[in-house]
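Since the structure comes first, as structure tokens, the remarks are kept for the end.
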Number of protein chains: 2
Amino acid sequence: MPRTSDKRERLIEAANNLIHRQGFHKTTLADIATESDVPLGNVYYYFKTKEEICDAVIEERKKELTTTLDDCCQSANPKKALLKLLNTTMEASNEIAETGCPHGRLCNELSNEIIGLTNSADDCLKVLLEWSRDQFKAMGYRNAKDMSFEFVSRIQGIILVGNSLHDEKQIKAQLKSLINWVESLDSKNKERRVALN
Amino acid sequence: MPRTSDKRERLIEAANNLIHRQGFHKTTLADIATESDVPLGNVYYYFKTKEEICDAVIEERKKELTTTLDDCCQSANPKKALLKLLNTTMEASNEIAETGCPHGRLCNELSNEIIGLTNSADDCLKVLLEWSRDQFKAMGYRNAKDMSFEFVSRIQGIILVGNSLHDEKQIKAQLKSLINWVESLDSKNKERRVALN
DNA sequence: GTCTATATGTTGATAGAC
DNA sequence: GTCTATCAACATATAGAC
């Protein structure tokens with residue numbers, strides 16, 4: 001397959017941003033064409049349907065998310081990995097207050113809808129759930145699956161409500177609370193306290 | 001204002017259901033007209049624009065939600081009121097797994113969008129936040145606002161993720177966890193334990 | 001591979017008879 | 001108040017020249 005331009009990548013990136021900001025149904029192909037600076041008629045050379053673009057966006061998001069999560073695992077310490085993800089989220093709290101979470105938003109919009117896609121809208125959520133389950137499992141928890149559900153759903157809830165109210169301060173406060181929860185987690189296993197550190 | 005039919009109510013109810021199930025942008029006036037059994041052209045006698053219907057839906061939802069929350073307060077015990085809301089939610093977990101939360105969904109869809117409405121998409125979330133804040137305040141908590149944010153965002157997160165995965169079992173498990181949290185809340189104030197009860 | 005022009009269908013909204 | 005017919009705008013998608 002010859003690669004003579006980056007139009008396909010530009011289309012996916014534009015669609016990714018637009019679907020994140022205004023949702024799938026609100027976003028038109030004209031929007032995507034304009035934002036990516038690709039003529040409308042040319043879009044169809046790369047994607048046969050609008051759904052196919054959404055499919056490619058999910059594919060791209062899965063890659064990005066996997067990279068992010070891999071990056072969190074550098075320390076090879078599951079607890080620190082979870083905390084790194086939360087800190088990364090915390091750093092983006094300003095953006096989150098403005099536009100919310102792309103994964104949660106798409107899931108919410110398409111959860112009751114069947115669109116003919118190779119990928120599913122909830123794929124990214126599943127990636128997040130499996131990754132965090134792996135971390136809790138590595139920490140020695142038997143109920144890792146339940147904990148990962150709590151972990152992910154609390155993040156998603158904070159972002160949903162925080163974005164709805166555009167309340168960055170509360171997003172930070174709630175994420176801090178989540179961080180405290182994770183930090184307290186295996187201290188009970190170790191059964192000791194660290195003073196003045 | 002003469003009341004010769006219940007068409008207006010039927011339109012609002014149909015719009016309420018459709019916006020809940022498939023979102024605002026996906027829902028067309030033809031959908032609403034069909035579901036309410038009102039001819040398309042007649043819709044405009046009751047509502048000038050699509051946004052106006054959404055406005056009426058939010059208005060209706062606020063009334064329903066207020067009724068639900070008032071009902072939870074019958075016991076005049078703030079802790080039991082919070083628990084009653086959670087138990088009511090628990091009872092609807094089957095429906096929630098299928099279609100999610102109408103309030104959270106609309107907020108998520110319209111949070112980054114400005115629609116000329118009398119009511120705002122996040123009104124219902126605010127009603128929930130204020131009500132739960134009042135309960136925590138009545139329980140004697142100074143940080144009642146933070147706690148209400150945690151309370152509501154955890155509920156919303158559970159519903160968002162649970163609906164995305166259509167996982168009723170996890171919705172119930174996570175709500176049970178939330179119930180345990182609320183139940184444990186003022187036991188620390190009382191500083192006592194109840195054995196075998 | 002690219003892009004203009006346009007077909008084709010759908011949507012929100014209106015006109016006007018009853 | 002009600003409802004049919006229909007408009008104008010916009011959406012997805014295609015045709016075909018370059």
Side-chain angles (χ1 to χ4, degrees), chain A residues 1-58 106 109-110 112-119 121, chain B residues 1-58 106 109-110 112-119 121:
Chain A
M1 189 186 288
R3 306 272 55 227
T4 59
S5 82
D6 61 345
K7 286 206 171 82
R8 194 188 149 88
E9 282 83 354
R10 267 156 49 203
L11 284 167
I12 295 174
E13 195 196 343
N16 196 342
N17 288 332
L18 285 163
I19 291 172
H20 176 15
R21 297 204 304 265
Q22 46 184 16
F24 175 73
H25 287 114
K26 168 89 177 168
T27 299
T28 68
L29 292 170
D31 289 339
I32 298 170
T34 301
E35 178 126 336
S36 61
D37 207 37
V38 172
L40 180 57
N42 198 2
V43 171
Y44 288 90
Y45 176 76
Y46 298 96
F47 300 99
K48 273 192 275 293
T49 64
K50 188 186 175 186
E51 281 71 27
E52 221 171 84
I53 300 184
C54 188
D55 208 35
V57 166
I58 295 172
L106 193 66
E109 186 178 6
L110 302 181
N112 303 335
E113 202 172 333
I114 296 162
I115 293 189
L117 301 168
T118 302
N119 299 306
Chain B
M1 188 188 287
R3 306 271 53 227
T4 59
S5 82
D6 61 346
K7 285 205 172 81
R8 192 187 149 88
E9 282 82 354
R10 267 156 51 203
L11 283 167
I12 294 174
E13 195 194 343
N16 196 343
N17 287 332
L18 285 164
I19 291 173
H20 176 16
R21 297 202 306 265
Q22 46 184 14
F24 175 73
H25 287 114
K26 167 89 177 168
T27 298
T28 68
L29 292 171
D31 289 338
I32 299 171
T34 301
E35 178 125 335
S36 61
D37 207 38
V38 171
L40 181 56
N42 199 3
V43 172
Y44 288 90
Y45 175 77
Y46 298 96
F47 301 99
K48 273 191 276 292
T49 65
K50 189 185 176 187
E51 281 72 27
E52 220 172 84
I53 300 183
C54 189
D55 207 35
V57 166
I58 296 172
L106 192 65
E109 186 177 7
L110 302 181
N112 304 336
E113 201 171 333
I114 296 163
I115 293 189
L117 300 169
T118 301
N119 298 304

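Values reported hereafter were calculated over all heavy atoms of this structure, with side chains retained and with hydrogens, waters and symmetry mates removed. Reminder, nothing fancy here: chain letters follow the sequence lines and each chain counts from 1.
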* To do: Please report, rounded to the nearest Å, how far the C1' atom of C:dT2 is from the CG atom of A:Asp37.
  => 13 Å
* Hey, does the side chain of B:Lys7 come within less than 4.0 Å of D:dT2's phosphate (OP1/OP2), counting only N and O? -> yes
* To do: Whole angstrom is fine here: how far is it from CG in A:Leu29 over to C1' in D:dA13?
  => 9 Å
* Asked: Relative to the 5' end of DNA chain D, which residue comes earlier, A:Gly41 or A:Asp31, by the nucleotide with the nearest heavy atom?
  -> A:Asp31
* Structure fact -> Regarding the side chain of A:Tyr44, the nearest nucleotide among D:dA13, C:dA13, C:dT2 is D:dA13
* Euclidean distance, atom NZ of residue B:Lys50 to atom C1' of C:dA13 [Å, nearest integer] -> 13 Å
* Nearest-angstrom distance from the residue atom CZ of B:Arg8 to P of D:dG1 -> 11 Å
* Asked: Would one find a side-chain N or O of A:Thr49 under 4.0 angstrom from OP1 or OP2 of D:dA13?
  -> no
* Hey, which sits more toward the 5' end of DNA chain D by its nearest nucleotide, B:Val43 or A:Ala30? => B:Val43
* **Rounded interatomic separation in angstrom, taking OH from A:Tyr46 and C1' from D:dT14** => 17 Å
* **Any A:Glu9 side-chain heavy atom under 4.5 Å of A:Tyr46 side chain** => no
* **Distance, rounded to the nearest Å, where A:Lys48 contributes NZ and D:dA11 contributes P** => 23 Å
* Structure fact -> Against the side chain of B:Leu40, the closest entry in D:dT2, D:dT12, C:dA13 is C:dA13
* Asked: Hey, does the side chain of B:Asn119 reach the backbone of B:Asp55 with a donor-acceptor pair shorter than 3.5 angstrom?
  -> yes
* Asked: Which is it for B:Asp31 and B:Thr34 under the side chain to side chain donor-acceptor pair (under 3.5 Å) test, yes or no, and what are the steps along the way?
  -> CA-CA 5 Å; B:Asp31 289 338; B:Thr34 301; 5.9 Å; no
* Could you tell me whether the side chain of B:Phe24 reaches within less than 4.5 Å of the side chain of B:Ile115, counting heavy atoms only? => yes
* Check whether any side-chain N or O of B:Arg10 sits under 3.5 Å from a backbone N or O of B:Asp37 as a donor-acceptor pair, and report yes or no. => yes
* To do: Mind calculating the distance between CD (B:Glu52) and P (C:dG12) to the nearest angstrom?
  => 15 Å
* To do: Using a cut-off of strictly less than 4.0 Å, decide whether B:Thr28 has a side-chain nitrogen or oxygen near OP1 or OP2 of C:dT10.
  => no
* **Short side-chain N/O contact from A:Tyr45 to OP1 or OP2 of C:dT2, under 4.0 Å** => no
* To do: Take atom CG of A:Asn42 and atom P of D:dA15, then tell me their distance rounded to the nearest Å.
  => 16 Å
